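Model, not experiment: these values are computed from the prediction. These values consider heavy atoms only, across backbone and side chains, with no hydrogens, waters or symmetry-generated copies. Both ligands and their constituent atoms are indexed starting at 1 by order of listing.
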Amino acid sequence: MPQLIAGNWKMHCLAAEAVALAQGIAAGAQGIAAELLVCPTALHLAAVAEALHGSSVAVGGQNCHQAPQGAHTGDIAAPMLRDLGATWVILGHSERRLNHGETDELVREKTVAAVEAGLTPIVCVGETTDQRAGGAETEAVGWQLAGSLPKPFTGVLAYEPVWAIGTGKTATEEDVAIMHGFIREELVRQFGDLGQAIRILYGGSVKPANAGSLLAVANVGGALVGGSSLDPREFLAIARAAQAG
Ligand code: PGA
C-alpha cells in the first residue's frame, strides 16, 4: 500500500489562499507515488474540492460531530463533509482532545459516524510532554487506542506526540520505531490480521529535511503534516520522500 501524506491546514488560509494552495499542490502531484490528502477548514471544502477536481489529491475534514444531524449549533456532521467532496476526516487530533475536551469515547463515536457517512477516518493518538517525561508514553497511547477505535476499524491511525506538534521538535527515529511497533502490536491484538494492514502515520514537525528518514522507519505508513503542508513546495517535497509501498 502506498504511504499517505496528509496535510492538516488547521485554522489557516482565507478562501482564495486555500484554493491557491490546493492548486499549487495539484500542479506538482503528478508522478508522486504516495497517496495525497489535504484537510482545509470545512468552510473551504467545496472550493478546495473543486480546485482539486481531476487531480490525484483527495480532500478531508478536520473534525466532525458524532451525530448525522440535529440541534448542535456550530457543529458539522460527517454527511455534510461528504456532501462537499470530502472522503477523509481527521478525528481526535490532540488540539481537539486538549482544547475541546474530546474523550476517547467521543472520538470512537465520531469515528463510527464518519465511516457511516462514507468517510475514511484518521484517528490521532499521542502522549503529552508530562506522560513521556514520566515514562508513561506507551501506556497513554495504549489507553487511547483501546478507547478511541470502534470494532471493526476501517481507517488510518496517526501517532502524533503532543510535544512534537508545531514545536519543531521531532521524535527520533528510535522513538518512532518503538511507538509504531507498539501501536502495530496493539492493532493486531484488537483486530487480528486486519490490524497488520492499518496504516500508521507519524505526525509532529515533519519537514522536507526529516521526512525521508521518518518515512523509512518500520510501521510508518505516511505522515500527517501541519506547518509544512501550508507551502506547496514543502508538502510536495515531503510527498516525494514517501514510499510507493
Ligand atoms: P505540525 O503539525 O506538522 O505543524 O507539527 C502536525 C499536526 O498537528 O497534525
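- Assignment of Lys10 to the shell around ligand 1 is supported, since a heavy atom sits closer than 4.0 Å.
- You'll find the side chain of Leu52 reaches within 4.5 Å of the side chain of Val59, heavy atoms only.
- Polar contact with ligand 1: absent for Gly204 (N/O pair, distance under 3.5 Å).
- Geometrically, ligand 1 and Gly203 share no nitrogen or oxygen pair separated by less than 3.5 Å.
- Within the 4.5 Å cutoff, the side chain of Leu157 has no heavy atoms near those of the Arg199 side chain.
- Close approach of ligand 1 to Ala164 (heavy-atom distance below 4.0 Å) involves ligand atoms 5 (O).
- Taking a cutoff of 4.0 Å between a charged side-chain nitrogen and a carboxylate oxygen, Glu95 and Lys10 qualify as a salt bridge.
- Residue contacts with ligand 1: Cys124 is excluded, as none of its non-hydrogen atoms falls under 4.0 Å.
- By the 30° and 60° cut-offs, the orientation of the rings of His180 relative to Tyr202 is tilted.
- Here Asn219 contributes atom CG and Glu185 contributes atom CD; the two are 9.0 Å apart, rounded to the nearest 0.5 Å.
- Ranking protein heavy atoms by distance to atom 3 (O) of ligand 1, first place goes to Gly226 N, 2.8 Å.
- Polar contact check, Ser205 against ligand 1: a nitrogen or oxygen pair lies under 3.5 Å apart.
- Ligand 1 places these atoms under 4.0 Å from at least one heavy atom of Gly166: 1 (P), 4 (O), 5 (O).
- Between Gly227 and ligand 1, at least one pair of N/O atoms sits closer than 3.5 Å.
- A side-chain donor-acceptor contact under 3.5 Å links Glu127 and Trp163.
- Using a 4.0 Å cut-off between charged nitrogen and carboxylate oxygen, Arg96 and Glu102 count as a salt-bridge pair.
- Looking only at heavy atoms of the protein, atom 9 (O) of ligand 1 is closest to Glu160 OE2, 2.7 Å.
- For ligand 1 and Asn8, the ligand atoms under 4.0 Å from any heavy atom of the residue are 9 (O).
- Between Glu160 and His93, the side chains place a donor N or O and an acceptor N or O closer than 3.5 Å (distance only, hydrogens not considered).
- Of all the atoms in ligand 1, the ones that sit under 4.0 Å from a non-hydrogen atom of His93 are 7 (C), 8 (O), 9 (O).
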